[in-house]
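The structure appears below as structure tokens.
Counting from 1, the numbers follow the sequence of the chain as shown.
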Amino acid sequence: METEKIKFDYSLLEQKMIENRYNITTLSRDLGIGRITLGYKLNSDTYFTQNQICKICDLLGIEYREIPNYFFRETV
């Protein structure tokens with residue numbers, strides 16, 4: 001039985017990256033992951049770990065209570 005992969009909408013996260021002068025290269029560097037890996041995560045090909053989500057929140061000034069808005073909005 002094949003499960004369908006959930007696609008998330010990271011547009012708010014991408015906006016927050018721009019506001020904080022981050023791009024895929026600089027955010028991946030500060031996260032300690034590869035640029036391509038971050039690209040896969042932003043395309044929902046792979047998912048962010050809890051540690052990565054917390055670190056991104058710290059880097060971008062996202063409050064933890066706002067995590068669902070930035071990381072778990074499904075695309076339609």
- prompt: Measuring from I67:CD1 to L13:CG, what's the distance to the nearest 0.5 Å?
  reply: 11.0 Å
Test item: K55 side-chain N/O and D30 main-chain N/O as donor-acceptor pair under 3.5 Å: yes
- request: First locate atom CG of D9, then atom CG of N69, and finally report the distance between them rounded to the nearest 0.5 Å.
  value: 11.0 Å
- line: One should read off an interatomic distance between L59 CG and L31 CG, to the nearest 0.5 angstrom, of 6.0 Å
- prompt: With a 3.5 Å cut-off and no angle check, do the side chains of D58 and Y64 form a donor-acceptor pair?
  reply: yes
- prompt: How would you list, by chain and number, every residue that makes a side-chain contact (heavy atoms from CB on, under 4.5 Å) with R35, sequence neighbours excluded?
  reply: I24, T25, S28
query: Any side-chain heavy-atom pair from I18 and Q15 closer than 4.5 angstrom?
result: no
Qualifying ring pair (Phe, Tyr, Trp, His ring centres under 6.0 Å) pairs, either residue in residues 13-50, two or more places apart: F8-Y47, Y10-F48, F48-F71
query: In terms of hydrophobic clusters joined by side-chain contacts under 4.5 Å, are I6 and F72 together?
result: yes
message: Does E19 have more than 12 heavy atoms from other residues, nucleotides or ligands lying within 6.0 Å of its CD?
response: yes
field: Gap separating the SG atom of C57 from the NZ atom of K16, nearest 0.5 angstrom
entry: 10.0 Å
- prompt: If you measure from NZ on K5 to CG on D45, what distance do you get to the nearest 0.5 Å?
  reply: 7.0 Å
query: Among side-chain atoms of T49 and N51, is any donor-acceptor pair under 3.5 angstrom?
result: no
statement: dist M17:CE -> L27:CG (nearest 0.5 Å) comes out at 5.0 Å
Note, K41 side chain near I33 side chain (heavy atom, < 4.5 Å): yes
